[in-house]
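Please read the structure below before turning to the comments.
Just so it is clear: chains get the letters A, B, ... in the order the sequence lines come, proteins before strands, and each one is counted from 1. All values derive from a computational prediction rather than experimental measurement.
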Protein chains: 2
Amino acid sequence: MVEVENLSRKEQVIRAAAALFQKNGYSATSMRDLAHALGIEAASLYSHIKSKEEILQSLCFDMAAQFRASLDKVENSDISYSQKLRQGILGHIEVMAQDLTASAVFMNEHRYLSQPYLRDFLLLRINYINRFKKIIEGGIASGEFQNIDTKLAVMTLFSSLNWMPNWFDPTGLTNPKDVGNQLADMLIGGIKTK
Amino acid sequence: MVEVENLSRKEQVIRAAAALFQKNGYSATSMRDLAHALGIEAASLYSHIKSKEEILQSLCFDMAAQFRASLDKVENSDISYSQKLRQGILGHIEVMAQDLTASAVFMNEHRYLSQPYLRDFLLLRINYINRFKKIIEGGIASGEFQNIDTKLAVMTLFSSLNWMPNWFDPTGLTNPKDVGNQLADMLIGGIKTK
DNA sequence: CCTACCGATCGGTAGG
DNA sequence: CCTACCGATCGGTAGG
């Protein structure tokens with residue numbers, strides 16, 4: 001019971017922190033700001049978390065794990081490279097849409113991780129990007145895609161995906177799946193052999 | 001002479017600040033860090049600049065003005081919408097490539113602007129984005145482009161452009177113009193009527 | 001989860 | 001461009 005309560009409160013702390021990190025940035029968010037948002041004193045936060053950075057670590061690595069898991073599913077499936085790319089995009093957006101705030105922190109605040117966490121995070125990220133790149137390279141090798149610059153293509157895709165938390169309106173008419181399919185239409189149509 | 005020296009020194013301060021803002025973030029960069037990079041004491045910085053934020057303002061609004069000017073040239077020229085979009089992309093990348101550090105600050109640190117500067121900056125930015133959106137809408141209306149979601153299209157373009165300072169290697173083989181043309185090929189090919 | 005508090009550091013000013 | 005310094009605030013700890 002005590003454990004469950006602690007975990008739950010810890011998650012409240014992390015979620016409140018994510019909202020402040022997104023709004024004001026990690027460095028510009030003080031532990032007193034965070035405490036105030038939760039209606040407690042700054043010192044009380046340390047009953048739930050070890051440090052300010054531990055919160056950032058949770059947020060960044062949890063999102064990274066979710067992105068990774070979503071790509072696992074499509075990577076080894078027996079579908080065309082266009083379909084793999086589309087499913088990869090849909091998976092990424094689906095994960096993002098489940099927590100746009102944490103996604104924005106993942107994208108914009110990971111840089112404030114200290115070593116060795118920063119290094120580990122960047123390795124996870126480059127690995128993720130390279131898996132998308134491999135899909136594009138596979139599509140080129142099979143003749144499905146034009147012989148485009150794969151680095152430019154994958155960076156265009158990645159930046160477009162990660163910028164979404166900054167403009168996507170979850171209360172709007174378009175749902176994550178529609179946005180993902182439209183993005184896939186736009187990008188795949190552009191790199192597909194005509 | 002005194003004026004010229006002051007201006008020059010001020011620009012040195014701003015450039016050094018841009019490098020630190022890019023590397024460590026605006027909030028996490030102290031005036032003592034900046035002073036150290038220039039080999040002077042923190043208090044001495046205030047002979048050249050009024051405040052820390054004034055530096056950020058210079059960087060953000062200077063870049064905004066350059067982006068705006070580059071789009072002015074292509075907007076009213078008598079070319080196809082594909083060509084307008086391509087020239088807009090090339091112009092944006094050319095401006096960015098001239099100062100990748102300031103461009104990264106423009107993209108990632110503008111959020112630390114205080115009011116009313118933040119509001120003004122965001123208005124300039126949405127205006128810039130809308131001008132690209134108008135080009136895309138014009139292309140749809142003329143039948144040159146498919147009937148895509150213009151918001152998604154312009155956000156994909158804008159995020160892709162602004163993410164470039166984070167991965168573009170100015171010492172590499174591809175020059176800004178090649179990258180711009182490749183990005184235009186990829187995006188325009190994707191939205192053009194087949 | 002609180003009060004009380006720590007040393008460190010912040011942006012900036014006074015006065016030269 | 002410097003020394004000397006300001007009040008405010010930082011992340012975090014001790015002890016309950």
Side-chain angles (χ1 to χ4, degrees), chain A residues 1-60 105 109-115 117-118, chain B residues 1-60 105 109-115 117-118:
Chain A
M1 282 303 169
V2 172
E3 282 300 312
V4 172
E5 276 177 30
N6 279 347
L7 270 177
S8 175
R9 193 58 168 147
K10 182 172 182 175
E11 275 186 11
Q12 286 177 44
V13 171
I14 292 174
R15 292 187 77 83
L20 289 171
F21 293 168
Q22 178 184 27
K23 198 183 170 216
N24 304 324
Y26 175 79
S27 283
T29 299
S30 73
M31 295 306 270
R32 284 157 182 83
D33 293 338
L34 177 55
H36 181 76
L38 292 160
I40 60 177
E41 294 300 317
S44 307
L45 290 167
Y46 294 88
S47 313
H48 307 292
I49 47 100
K50 273 178 259 175
S51 66
K52 184 184 179 186
E53 198 189 309
E54 189 204 44
I55 302 173
L56 185 62
Q57 289 162 15
S58 296
L59 288 164
C60 290
V105 172
E109 313 299 332
H110 69 262
R111 55 188 297 198
Y112 298 106
L113 253 18
S114 67
Q115 299 292 9
Y117 302 99
L118 179 58
Chain B
M1 283 305 168
V2 173
E3 283 299 315
V4 172
E5 276 177 29
N6 281 346
L7 271 175
S8 173
R9 193 61 169 145
K10 182 172 181 175
E11 277 187 9
Q12 286 176 42
V13 171
I14 292 173
R15 294 187 75 82
L20 289 170
F21 293 169
Q22 178 184 27
K23 196 184 171 214
N24 305 323
Y26 175 78
S27 282
T29 299
S30 73
M31 295 305 269
R32 284 158 182 84
D33 293 338
L34 176 55
H36 181 76
L38 292 159
I40 62 177
E41 293 299 318
S44 306
L45 290 167
Y46 294 88
S47 313
H48 307 293
I49 48 99
K50 273 179 257 172
S51 66
K52 184 184 179 185
E53 197 188 312
E54 190 204 42
I55 302 174
L56 185 61
Q57 288 162 15
S58 297
L59 288 164
C60 290
V105 172
E109 313 299 331
H110 69 261
R111 57 189 296 196
Y112 298 107
L113 254 17
S114 66
Q115 298 292 8
Y117 301 98
L118 179 58

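Heavy atoms of A:Thr29 sit under 4.0 angstrom from primed sugar atoms or phosphate atoms, though from no base atom.
Atom CD1 of B:Ile49 is separated from atom P of D:dC1 by 12 Å (rounded to the nearest Å). When the P atom of D:dT13 is taken as reference, atom NE2 of A:His48 falls 15 Å away, rounded to whole Å. Rounded to an integer number of Å, the gap from NZ of A:Lys50 to P of D:dT13 is 12 Å. In this structure, A:Glu53 atom CD and D:dC10 atom P are separated by 18 Å, rounded to whole Å. With rounding to whole Å, B:Leu56 atom CG is found 13 Å from C:dG11 atom P.
Across all strands shown, C:dG16 pairs with D:dC1; the Watson-Crick or G-U wobble distances both stay below 3.5 Å.
Side-chain contact between B:Tyr117 and B:Leu56: absent, with no pair of heavy atoms (C-beta onward) separated by less than 4.5 Å. Looking at A:Lys23 and A:Asp33, their side chains never come closer than 4.5 Å, going by heavy atoms from C-beta outward. By the 4.5 Å heavy-atom criterion applied to side chains, B:Gln22 and B:Leu59 are not counted as neighbours. Side-chain contact between A:Tyr26 and A:Arg111: absent, with no pair of heavy atoms (C-beta onward) separated by less than 4.5 Å. A:Tyr112 has its side chain out of reach of A:Glu53: every pair of non-hydrogen atoms, C-beta onward, lies at least 4.5 Å apart.
Contacts between residues 30-46 of chain A and DNA chain C, counted as heavy-atom distances below 4.0 Å, involve A:Ile40, A:Glu41, A:Ala43, A:Ser44.
When only modelled atom types and interatomic distance are considered, A:Arg15 and A:Gln12 share no side-chain donor-acceptor pair under 3.5 Å.
Of the candidates D:dC1, C:dC1, D:dG11, C:dC1 carries the atom nearest the A:Ser47 side chain, counting heavy atoms from C-beta on.
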